[in-house]
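Computed from a prediction, not measured in an experiment: that's the story for all the values here. All chains are named by letter (A, B, ...) in the order of the sequence lines, taking the proteins before the strands, and each is independently numbered beginning at 1.
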Amino acid sequence: MSARGEVALDSMSMKYALGLADDCLVLAQRLGGYVSFAPELEIDMAVSNIALDLLGQARGFYGYCSVLDSEGRSEDDFAMLRDSSEFRNHLLLEQPNTDFAYLIARQFLFDVFQKELFERLSRSRDTELAAVAKKGMREADYHLDFSQSWVLRLGDGTPESRERMQAAIHALWPFTGALFQPEEALGAGIDPASLEEPWRKVVAATLEVATLEIPVDLPQDQGGRDGRESPYRAEMIEEMQEVQRAHPGLEW
Amino acid sequence: MAPSTVVDVEELLESVMDPELSEISIRDLGILRGVRDEDGVMVVTVTPTYSGCPAMGQIADDIAEVLEGADVAYELRTVLDPVWTTDWMSEKAKRSLRKWGIAAPASVGKVERITCPQCGEKDTEVLSIFGSTACKAMNRCLSCLEPFESFKAI
């Protein structure tokens, strides 16, 4: 392959990996913001553990981006010095921690997606992407155990818990369609459309057991990977980057 | 004379302990994957237990201290694949864990009750699959009623 061809391929792989990295980092940051607000101490620990795993996965993907980047940006540059409009995460992940049901709904809808994605990505011909996915696969299993068990408990719980769980599923559903939209840059990544059917199966089966309704015909928001952001992202990214922006290069 | 063989470096690294479990070496935990001589540079390979394990920074510092202190030219590499598994923990590490009150993990893929590190009974239950660190779960013994942590199988 010509040198130019390699650069083009690198930039495509980087764009894809950056989307995956941003998904993980943005959700980790959201979960981090919930710590100490959980209804039980055990949930605080679960939420912080899941955030930590996601942060580790984000680092894996950013590290790979850093190797591919023609500008030579580091992991930290990607996380701490890009503007919020440059993040490529799916909008689902930046939605706020409105209440515990929202946190669980967001986590569940993503965990099912991530588990399917990582299982396929772990067999990718791109060995770097495959390694991060392989490592994250069993972590995703544990995350899904947690979020799914809470969807069931809250859905098939009291009238109030059911109502709030249903409200959260409805509110976040419009952000799920974008998970399966074609990636502009795919490289050796996984075609998102291939994940939709397995995702839908697990989500539908879980909601049914949880006595929750599967939303139908809700208009779908298509933003995310293309750089469009919800009003919540800028505020969250600004808070996350505040120290690094005020004191460039500061280390702990 | 500076340590010059792979065996020398492996011996030096025996003294690098897990930052949270000061009697268990990173080698016995399976975090240290190997040492290789690449044209006189000792390539030390490590792998994290969980993706976000915050102890990896400290472990890298501890390796640096030991090897720089002995004038070893080295390079530290972190690899994710093959993925770390609790099956790599040595029997010695599992015994030490029990001494610290932390139950050893069940074998990956096997459904078995975890043995209580306090009383040795198998009548235990999992309270939460997420514990005080990324690699541990919280449990309770139904025999002696004590809560305890376990390394979670991965």
Exercise for review: Counting only heavy atoms closer than 4.5 Å, note whether Ser132(B) contacts chain A via side chain, backbone, both or neither.
Suggested key: both
Review point. Contact part of Ile154(B) toward chain A, heavy-atom cut-off under 4.5 Å: side chain, backbone, both or neither?
Key: both
Review point. For Asp145(A), is it the side chain, the backbone, both or neither that has a heavy atom under 4.5 Å from a heavy atom of chain B?
Key: side chain
Exercise for review: Output yes when Arg77(B) and Glu38(B) qualify as a salt bridge under the 4.0 Å nitrogen-oxygen rule, no when they do not.
Suggested key: yes
Exercise for review: Tell me, for Met56(B) versus chain A, whether the close heavy atoms (under 4.5 Å) come from the side chain, the backbone, both or neither.
Suggested key: neither
Exercise for review: Rounded to the nearest 0.5 Å, what's the gap from CD on Gln114(A) to CG on Leu27(A)? Could you check?
Suggested key: 8.5 Å
**Study point:** Heavy-atom donor-acceptor pair, Trp84(B) side chain to Leu29(B) backbone, under 3.5 Å
**Key:** yes
Check your understanding: Given a strict heavy-atom distance threshold of 4.5 Å, which part of Val47(A) is in contact with chain B: side chain, backbone, both, or neither?
Key -> neither
Review point. Between Glu119(A) and Lys115(A), does a salt bridge (Lys or Arg N to Asp or Glu O under 4.0 Å) hold up when you go through it step by step?
Key: CA-CA 6 Å; Glu119(A) 271 169 17; Lys115(A) 188 174 137 88; 3.5 Å; yes
Review point. Does any N or O in the side chain of Arg82(A) come within less than 3.5 Å of the main-chain N or O of Phe78(A), such that one atom is a donor and the other an acceptor?
Key: yes
Review point. Out of Lys134(A), Arg123(A), Lys135(A), which one pairs with Asp81(B) under the salt bridge (Lys or Arg N to Asp or Glu O under 4.0 Å) rule?
Key: Lys134(A)
Exercise for review: Answer with side chain, backbone, both or neither: which region of Pro48(B) has an atom nearer than 4.5 Å to a non-hydrogen atom of chain A?
Suggested key: both
Practice item. Tell me, for Leu55(A) versus chain B, whether the close heavy atoms (under 4.5 Å) come from the side chain, the backbone, both or neither. Key: neither
